[in-house]
Amino acid sequence: MWINGGTIFDPSSGTARVGDIQVKDGLIEGVHPGGAGGARAGAVDAKGLWVLPGLIDMHVHLRDPGFEYKEDIVSGSRAAAAGGVTAMACMPNTDPVNDNPSVTRYIVQKAAERALVRVLPVGALTKGLKGTELAEMGLMKEAGIVAVSDDGKSVESAAMMRRALEYAATFGLPVITHCQDRGLSGEGVMNEGSLSSRLGLGGIPAACEDVVVARDVLLSGYTGVPVHITHLSTKTGLDIVRQARKSGVKVTCDATPHHLLLTEERTGGYDTDAKMYPPLRTEEDRRALLKGLKSGVIDCIATDHAPHAKDEKDLDFDLAPFGIIGLQTLLPALMLLHREHALDFMDLLKKVTVNPAGILKVEGGTLSPGARADIVLFDPGKEWVLNEGAVLSKSKNTPFLGMKFTGMVVRTIVAGRTVFAA
Ligand SMILES: [Zn+2]
Ligand SMILES: [Zn+2]
């Protein structure tokens with residue numbers, strides 16, 4: 001297979017140039033800047049398109065096993081393929097929880113048989129996500145997990161978190177931490193501030209996140225075990241991470257497209273598609289995150305794709321579940337950040353390719369010869385509107401419905417095989 005005449009972005013080297021790519025046996029056989037010469041029958045014409053390595057989304061919920069009415073491994077992989085995401089790390093808060101090798105094996109096997117993209121299971125830190133007993137990390141690693149996390153909650157006890165960090169390190173498993181002090185979030189449903197008072201909705205203060213960011217950063221510094229903070233949403237949290245990095249703590253972090261593009265104002269209409277944890281924050285927080293992207297303190301962008309059924313999200317704001325989907329809007333969101341905030345596209349691309357690959361220690365994220373042929377063809381100028389019909393997830397809960405985007409995935413290739421074509 002040849003992909004000819006596109007602008008080839010390789011975030012591993014930071015280069016973007018027009019050329020041809022040859023794919024053979026699922027791998028990139030050669031990259032020919034300027035073109036290898038001559039028209040080839042059967043080549044994919046990529047003129048005017050951007051040729052990108054497949055995106056790696058390091059934070060998604062596939063709801064499988066247990067909540068397949070919201071999403072499953074197959075439907076989630078279809079949405080990923082349509083979004084140009086060729087590998088995704090799925091969180092363990094399924095039913096049963098992925099805290100033992102039999103659940104990991106179920107995910108790995110179903111993905112191998114039926115998923116369109118690579119599925120990278122994340123195992124639990126503690127059994128049942130209960131925070132009291134360590135999960136079977138070693139056995140889960142043998143079964144195929146790439147990282148550990150109790151995402152959905154924080155490990156409440158600092159002592160248990162310390163032990164979890166040290167135990168994960170013995171298996172070389174990256175630790176991903178969701179920062180939320182249960183006592184401080186309480187019954188809150190949106191960012192705490194004057195807007196939450198005006199709307200009469202329970203607030204989740206920024207401090208609810210920040211105290212755990214600080215704790216986990218301190219524990220990482222103390223134990224020497226790297227920690228990755230996911231869906232960082234506050235200015236103070238970011239300051240803590242920046243400061244810690246300066247003093248040598250091995251802490252990395254990601255932010256979501258929705259925290260980078262939206263603020264708590266979006267909650268004003270009581271739209272439950274704007275309800276998630278962490279909640280949408282203030283414009284000041286959002287501005288700080290944008291700065292963090294630019295300066296490099298924020299290493300990755302991850303969606304926290306969290307499908308919920310329509311009847312669940314149709315409840316009152318107080319009662320509806322937290323979370324929104326995001327796989328198909330990841331790349332268009334990057335374009336929006338690039339266009340509206342003058343952020344360098346290559347730099348943004350690194351945050352969804354080489355950077356997550358490095359943190360998770362998985363292959364992918366590059367288009368150099370010998371790499372897996374996970375490739376996305378992207379039309380950077382194509383305008384389109386996100387409507388429900390275009391959403392391939394089983395759930396449609398996104399605040400971006402009806403929004404006009406510029407830039408569209410036109411083909412996704414995984415290991416040399418086309419898994420999506422617009
Ligand atoms: Zn989370
Ligand atoms: Zn999550």
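Just so you know, ligand 1 is whichever comes first in the structure, and atom 1 is the first atom listed for that ligand. Residue numbers start at 1 and run along the sequence shown.
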Are F9 and F378 an aromatic pair by the rule of ring centers under 6.0 Å?
no
When every non-hydrogen atom of K110 is compared with those of D72, the smallest separation belongs to NZ-CB, 4.3 Å
For R266 and A274 the tightest heavy-atom approach is O-CB, 3.7 Å
Atom name of the N, O or S atom of D304 nearest to the Zn ion (ligand 2) is OD1
In D151, the N/O/S atom nearest the Zn ion (ligand 1) carries the name OD1
Here the N/O/S atom of H178 closest to the Zn ion (ligand 1) would be ND1
Check the orientation of H231 and H59. Use parallel for under 30°, tilted for 30 to 60°, and perpendicular for over 60°. tilted
Regarding R286 and T263, do their side chains bring together a donor and an acceptor under 3.5 Å, going by distance alone? no
| said: Looking at the Zn ion (ligand 1), is there an N, O or S atom belonging to H231 that lies under 2.8 Å away from it? | reply: yes
Using a cut-off of strictly less than 2.8 Å, determine whether H61 has an N/O/S atom near the Zn ion (ligand 2).
yes
